[in-house]
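As structure tokens, the structure follows; a few thoughts come after it.
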Amino acid sequence: MTASSKSSIVTADSECRRPSIDVVTEPHILVLTATGNVGRQLVRQLRAEGHRVKAATRDPRTATFPADVQVVRADLSDPNTLRDRVADFDAVFLLWPLHSGEQFAEAVGVISERARRLVFLGTGGVPDLSREQQQEVVHGSGIESVVLQPSGFAVNTLWWADQIRAGDIVRGIHGELPLMPLHEADMAAVARHALLEPGHSGKTYTLTGPQVLTLSDQVRVIGEVLGRPLRWVENTRAEEAELLRANPNFPDSYIEVLLDGYAALLDEPRPTTTDTIERIIGRPARTLRDWVGDHIAEFR
Ligand SMILES: NC(=O)c1ccc[n+]([C@@H]2O[C@H](COP(=O)([O-])OP(=O)(O)OC[C@H]3O[C@@H](n4cnc5c(N)ncnc54)[C@H](OP(=O)(O)O)[C@@H]3O)[C@@H](O)[C@H]2O)c1
């Protein structure tokens with residue numbers, strides 16, 4: 001879609017209180033967490049289609065974006081910082097990167113005071129904010145809202161990148177755990193459609209990768225793309241916790257939560273893939289093999 005066709009494709013659903021976007025020329029899309037895996041892809045895809053994008057980060061001085069992207073500061077742990085960032089009729093992309101859900105409702109409230117549409121990517125990783133609560137808050141915001149509920153991200157396989165660069169053995173826990181790794185470009189593509197098109201408001205979409213793969217299967221696939229056999233070796237819980245503690249992305253308080261979460265997944269029924277991505281973006285979801293091919297440099 002070109003920038004010139006933009007104003008004709010989006011209309012507000014009848015039940016929503018915001019006027020149709022056709023009355024506004026060139027709306028902005030505000031991408032919160034724009035420096036992350038999904039946010040950066042989303043900014044790239046929106047720019048490629050000629051949309052005006054505002055990219056939010058906590059530190060605009062260090063964020064690198066092309067010159068035509070307006071970079072703004074926003075800190076979700078202080079929802080007041082969002083107030084001046086959301087202009088009337090913006091469409092906003094949000095995910096929740098914090099480990100507490102305390103400010104979630106307030107942040108959604110600030111966004112809904114002015115924005116026309118909110119597309120939210122849900123998470124199972126916030127102990128005090130269930131996926132159901134996230135949905136309730138977002139769909140209860142009073143503006144056009146879309147919730148995307150993703151399975152695990154393919155980018156999680158980068159947890160093993162150091163080990164893979166160092167040798168052919170990957171140590172981890174629960175190698176038999178079946179997951180459905182999702183490419184960030186596909187999540188961004190669904191978000192782009194949900195931000196721009198009519199017909200999505202009020203919907204919750206379950207997004208999965210196209211295949212069910214155990215963790216040890218995922219390691220095998222990475223090895224196949226790299227052209228060398230990789231072997232999974234099972235860690236004990238104590239060994240895994242030690243590995244996670246060495247990773248600055250995981251606060252100590254979160255490690256047991258994460259390990260409990262993974263252990264609980266083992267008791268759940270085998271997950272099943274959805275075709276939601278294909279239905280919305282018009283082509284099948286990218287495979288883990290595709291994802292590894294796109295990120296091969298990180299494993300070498
Ligand atoms: N990994 C999974 O399997 C999985 C599964 C389901 C859902 N999720 C969800 O996806 C999220 C990760 O998404 P991602 O991979 O795209 O991100 P990411 O690459 O992990 O980057 C985190 C993003 O969050 C931003 N951020 C962190 N704290 C912030 C704050 N206080 N205020 C504003 N922005 C903040 C960072 O921006 P700056 O540092 O530039 O401010 C950065 O853009 C998880 O937090 C979870 O909500 C993940």
Side-chain angles (χ1 to χ4, degrees), residues 30-45 53-65 69 71-83 85-86 92-104 106-108 110-111 119-131 133-135 137-138 147-161 172 174 177-192 204-209 213 215 218 244 247-251 254 257-258 261-262 265 271 288 291 295 298:
L30 171 61
V31 179
L32 293 161
T33 70
T35 58
N37 297 300
V38 182
R40 195 169 282 284
Q41 266 294 334
L42 181 56
V43 170
R44 188 174 302 150
Q45 293 182 20
V53 183
K54 282 188 286 193
T57 166
R58 284 168 298 175
D59 189 358
R61 287 164 310 172
T62 56
T64 51
F65 285 101
V69 174
V71 184
V72 297
R73 190 182 107 71
D75 187 339
L76 293 168
S77 64
D78 178 7
N80 260 321
T81 61
L82 294 176
R83 218 167 281 282
R85 304 307 176 211
V86 187
V92 177
F93 172 77
L94 171 72
L95 57 75
W96 197 251
L98 308 181
H99 296 294
S100 159
E102 217 174 299
Q103 281 110 348
F104 181 71
E106 191 185 345
V108 170
V110 171
I111 292 166
V119 174
F120 172 70
L121 185 77
T123 174
V126 186
D128 60 345
L129 184 68
S130 70
R131 286 190 189 251
Q133 287 168 325
Q134 296 160 34
Q135 262 164 241
V137 170
V138 172
V147 175
L148 313 177
Q149 291 292 11
S151 59
F153 293 6
V155 73
N156 295 345
T157 60
L158 287 180
W159 291 347
W160 305 316
H174 306 318
L177 180 68
L179 296 173
M180 302 173 290
L182 252 180
H183 199 305
E184 60 277 3
D186 286 336
M187 289 182 266
V190 173
R192 178 168 48 87
T204 295
Y205 293 124
T206 302
L207 309 182
T208 73
L213 294 168
L215 296 181
Q218 294 178 34
L244 290 170
N247 185 327
N249 293 322
F250 298 110
Y254 186 58
V257 174
L258 190 70
Y262 269 101
L265 285 176
L288 179 65
W291 187 91
H295 297 77
E298 314 211 35

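Numbering of ligands and ligand atoms starts at 1, following listing order.
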Exercise for review: Ignoring angles and geometry beyond distance, decide whether T35 reaches within less than 3.5 Å of ligand 1 through its nitrogen or oxygen atoms.
Suggested key: yes
**Study point:** Check: N156 N/O within less than 3.5 Å of ligand 1 N/O
**Key:** yes
Exercise for review: Under 4.0 Å from a heavy atom of G152: give me the atoms of ligand 1 that qualify, with their elements.
Suggested key: 3 (O)
Review point. Which heavy atom of R85 sits nearest a heavy atom of R73, and at what distance?
Key: NE-O, 2.6 Å
Practice item. Applying side-chain hydrogen bond (donor to acceptor under 3.5 Å, both in side chains), name anything that partners Q41, two or more places apart in sequence or on another chain. Key: Q45
**Study point:** Set of side-chain hydrogen bond (donor to acceptor under 3.5 Å, both in side chains) partners for D59, sequence neighbours left out
**Key:** R61, T62
Study note, to complete from the structure: Closest to atom 33 (C) of ligand 1 by heavy-atom distance, out of V71, L179, L76, V31, is L76
Review point. Does some non-hydrogen atom of A74 fall short of 4.0 Å from ligand 1?
Key: yes
**Study point:** Distance under 6.0 Å and angle within 45° of ring axis: R192 vs F93
**Key:** no
Check your understanding: Under 6.0 Å between ring centres, would you say that holds for W291 and F153?
Key -> no
Check your understanding: Under a heavy-atom criterion of less than 4.0 Å, does P150 contact ligand 1?
Key -> yes
Check your understanding: What atoms of ligand 1 come within less than 4.0 Å of a heavy atom belonging to L95?
Key -> 11 (C), 13 (O), 16 (O)
**Study point:** Option with minimal heavy-atom separation from atom 24 (O) of ligand 1, where the choices are A34, A154, P97
**Key:** P97
Point to revise | Any G122 heavy atom less than 4.0 Å to ligand 1 | key: yes
**Study point:** Contact check: R131 vs ligand 1, nitrogen or oxygen atoms, below 3.5 angstrom
**Key:** no
Exercise for review: List every atom of ligand 1 that sits less than 4.0 Å from any heavy atom of T57, numbering the atoms from 1 in the order shown and giving each element.
Suggested key: 38 (P), 40 (O), 41 (O)
Study note, to complete from the structure: among protein heavy atoms, the one nearest atom 46 (C) of ligand 1 is T123 OG1, 3.4 Å
Exercise for review: Taking the six-membered ring for Trp and the full ring for Phe, Tyr or His, determine whether the centres of H174 and Y262 are under 6.0 Å apart.
Suggested key: no
Review point. For atom 25 (C) of ligand 1, which of L32, T62, T33 has the closest heavy atom?
Key: T33
Study note, to complete from the structure: So the atoms of ligand 1 within less than 4.0 Å of a heavy atom of V38 turn out to be 16 (O)
Check your understanding: Is ligand 1 less than 4.0 angstrom away from at least one heavy atom of V155?
Key -> no
